[in-house]
Colleague: 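The structure is given below, and queries will be raised subsequently.
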Amino acid sequence: MNLLDGKLISSQIKEEIADAVSEMKKSGKKVPHLAAMIVGTEGASETYVAHKVKACGQVGFESTLVRMDAGVSEEALLAKIEEINNNDDIDGLIVQLPLPSHISEEKVVAAISYKKDVDGFHPINVGRLFIDQPCYVSATPNGIVELIKRYNIETSGKHCVVLGRSNIVGKPMALLMARKGYPGDATVTVCHSRTKDIKAVCRTADILIVAMGRSEFVTADMVKEGAVVIDVGITRVKSEKTKSGWKLLGDVKYDEVAPKCSYITPVPGGVGPMTIVSLLNNTLKAARKELYD
Ligand code: GUN
């Protein structure tokens, strides 16, 4: 069994990005600038945004954290987005999801300029992904593709089973694995809560990508010998064994599944850090106007 070490690969990619930023500075260009908006103080979102802001600092990006009260009106939030859309100093804008229920996520995502949509959530970027045109790709699936590339994992003709059909992970992941080229050219099956005999489908997977949001859902009897298993799940549960009193669990029962795999991502230290560097990469592309001017 080999580890798909997202922590290691992401630190290499961060160095590459930091070098690119140094080059930009040397040639008199402004450094990439990411704005992150957070509404309210939901625990997990706070942690994710803090990681993103910290990562910006590590590679020499500028970042702006915009905090809004949980009770902020949709109108005020949209007005702030418009202000950032029009601020030429800011290259990328993300609004951390989920949002409070009185605010329409659909409206918010659509309000972000697709040129600054480094999360790849805007309908224009999602649509362009669908028809294989250059676009910002959602950070988690993009990070997984990068991990597959860096470990030279064969994907052509393989059966890739994706568990989960979210707009952010499952759907774009399926498209990326099925598209022409490398990584891609896989035969893809998407499973979800209504799939019949999900265990049997999983057992046919050469590459199993799990994004169900159900901790330790995938057990050893669901995995083919030699499969590549990629675990997107991350759930915090109480633990008496750790100093903090918490531990993180993936969607895969790691201890029993790992011995059967050719490659597997750990949790934490697998997909999570790759997601962050994807966002940084998208922000670098935005600053360089690689996709849109
Ligand atoms: N919530 C969960 N994942 C993400 C993400 O990648 N971006 C944003 N903006 N919100 C999220």
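Source: prediction; values computed, not measured. Atoms within each ligand, like the ligands themselves, are counted from 1 in listed order.
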Colleague: I'd like to know if K115 and E290 make a salt bridge, using a cut-off of under 4.0 Å between side-chain N and carboxylate O.
Modeller: no
Colleague: Is there a donor-acceptor pair under 3.5 Å between the side chain of E105 and the backbone N or O of L99?
Modeller: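 Judged by distance alone, yes, a pair lies under 3.5 Å.
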Colleague: Does a salt bridge link E75 with K80, judged by any charged N lying under 4.0 Å from a carboxylate O?
Modeller: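 No, E75 and K80 are not salt-bridged.
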Colleague: Would you check if there is a donor-acceptor pair between the side chains of Y292 and D117 at a distance under 3.5 Å?
Modeller: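 No, no side-chain donor-acceptor contact under 3.5 Å.
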Colleague: Ion pair present between D185 and K180, side-chain N to carboxylate O less than 4.0 angstrom?
Modeller: no
Colleague: For residues 158-167, please give each side-chain donor-acceptor pair under 3.5 Å, one per line with the distance, not counting sequence neighbours.
Modeller:
{"residue": "H159", "atom": "ND1", "partner": "T204", "partner atom": "O", "Å": "3.1"}
{"residue": "H159", "atom": "ND1", "partner": "T204", "partner atom": "OG1", "Å": "3.1"}
{"residue": "H159", "atom": "NE2", "partner": "T189", "partner atom": "OG1", "Å": "2.6"}
{"residue": "S166", "atom": "OG", "partner": "V169", "partner atom": "N", "Å": "2.9"}
{"residue": "S166", "atom": "OG", "partner": "G170", "partner atom": "N", "Å": "3.3"}
{"residue": "N167", "atom": "OD1", "partner": "K171", "partner atom": "NZ", "Å": "2.7"}

Colleague: Kindly tell me which protein residues have any non-hydrogen atom under 4.0 angstrom away from an atom of ligand 1, grouped by chain and ordered by number?
Modeller: K52, V95, Q96, L97, D119, F121
